[in-house]
Amino acid sequence: AQRKSSFPSDFLWGGATAANQLEGAYLEGGKGLTTVDLLPTGPERMKIAMGALSSFEPSPEHFYPSHEAIDFYHRYKEDIALFAEMGFKCFRMSIAWSRIFPNGDEATPNEAGLQFYDDVFDELLKYNIEPVVTICHFDIPVHLVKTYGGWKNRVMVELYEKYATTLFKRYKNKVKYWMTFNEINMLLHLPFIGAGMVFEAGEDKNKILYQAAHHELVASALAVKACHEIIPEAKIGCMLAAGAVYPYTSNPDDVWRAMELDRENFFFIDVQSKGYYPGYTKRFFRDHGIEIKMEAQDEQLLRENTVDYIGFSYYSSRCISTDPEILSQMTEGNAFPSVENPYLKASEWGWPIDPKGLRITCNQLYDRYNKPLFIVENGLGAVDTLEGEEIHDQYRIDYLRGHFAEMAEALEDGVEILGYTSWGPIDLVSAGTGEMKKRYGYIYVDRNNDGTGSLRRIKKDSFHFYKKVIESNGSEF
Ligand code: P53
């Protein structure tokens, strides 16, 4: 349908990816092994993601989808040409820490890794596509986990600062949009994926998780500081796995519980955006006997180096109850606790589909932070069927259409939004399940869960749909 565009003329339409989910070439160009390279497909994956890693080597019994992924490392020119054909204004990608510092603690960076991203940025800029770069999207060098215990250890702060500073200096003329940590709140839910943490029996999990959170928050503030110094015209943001939590009923207990769960996630962004630990977190620490070890300058550092924008992913809203009977029917398949919302349908992977939740989330975040938002992930993971050389993914078009309409409403509500990058514009490896068949793309990749397939790229119906949306700057969808 044709409508008046609510989107500003410089709105950044594009797509979002992560190094470990598309590059492959996991040991090429001097790259070191990363945490995500130890996540197989299958039932083991979630256990390891939550902190039950048993070996620092891949095992021959398992299949590790990140090792070849969709081979973007060798095919980025072809893929970027397709993004350009859709009219992308920006492309969100992450840098693999272990391509730059293979072990994470070397004195000097790996030139081959730095050169690879120079080549990718040059290819994007050739088409006037703005790179939007996540400094750390889940994958950290395995050596740092083995030697230091990942983000449990304060030493990660300076190693990350060095890594980030290396990137700012090298790419200062090519990259204007940065994000410090992907879905920083994921650290609480999937600690190995989020922060390279492995747990041993008897450890006080809460204490360790929040100490690691503090380390990441300090590291994030140091990156903001360095970015502002080295690239004054750049914008650097945080990144939240968002999605408003609804109370199941109007029972004040349900309403309060929903607020608590929202705040569990907002805590990170409150610190990154407002610059201090909120009172509700201090109370949580008191109630749970958590004492965060801070260094003298930490509080000032957090206060003085807040983010420029709020990046977030939105796949669905969440819903919570305090009624034990309803709680016993918690939905599986997502890292966040949620009960079934009777008003919503769910995806094939059980994720509720809630376009209006995007408007609600945008308004909530903008009211809370008064900073521009950047919707850096959204989309539908679905099974696609190849019919000849065509994929008729009307379900994906419907999902996107619904969310674009609500994004337009949020803009009309006065929310400032810098851009929208849908997740996985080209099919890639699922973070949660390791599957290929959970597809988000406008571009199909011929690759199966077990790694078979030709890797050829095929445009889906949604490719043409998204191209029109961008062409009309959101007045046609
Ligand atoms: P997938 C859940 C579990 C793991 C990562 O997820 C997640 C989420 C959803 O909040 O976060 C992001 O691939 C993440 C991406 C990921 C995307 O959601 O499990 O930033 O890396 O691929 C979608 O369907």
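All ligand and atom numbering here is 1-based and tracks the order in the structure. Throughout, residue positions are numbered sequentially from 1 according to the sequence presented.
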[X]/[Y] ion pair, N-O < 4.0 Å:
X      : Y      : value
Lys31  : Asp37  : yes
Asp427 : Arg447 : no
Arg368 : Asp270 : yes

Are the side chain of Lys437 and the backbone N or O of Val383 linked by a donor-acceptor pair below 3.5 Å?
no
As an exercise, identify every atom of ligand 1 less than 4.0 angstrom from a heavy atom of [X].
X      : value
Lys438 : 1 (P), 19 (O), 24 (O)
Ser430 : 1 (P), 13 (O), 19 (O), 24 (O)
Gly432 : 1 (P), 13 (O), 19 (O)
Ala431 : 1 (P), 5 (C), 13 (O), 16 (C), 19 (O), 21 (O), 22 (O)
Phe138 : 14 (C), 21 (O)

What about the rings of [X] and [Y], do their centers lie closer together than 6.0 Å?
X      : Y      : answer
Trp178 : Phe168 : yes
Trp151 : Phe181 : yes
Phe121 : Tyr171 : yes

Would you check the N or O atoms of [X], main chain and side chain alike, for any that come under 3.5 Å of an N or O of ligand 1?
X      : answer
Thr433 : no
Asn182 : yes
Trp351 : no

Does only the side chain of Trp349 get under 4.0 Å from ligand 1, or the backbone, or both, or neither? Count heavy atoms.
neither
Identify which of His137, Glu183, Met46 has a heavy atom lying nearest to atom 10 (O) of ligand 1.
Glu183
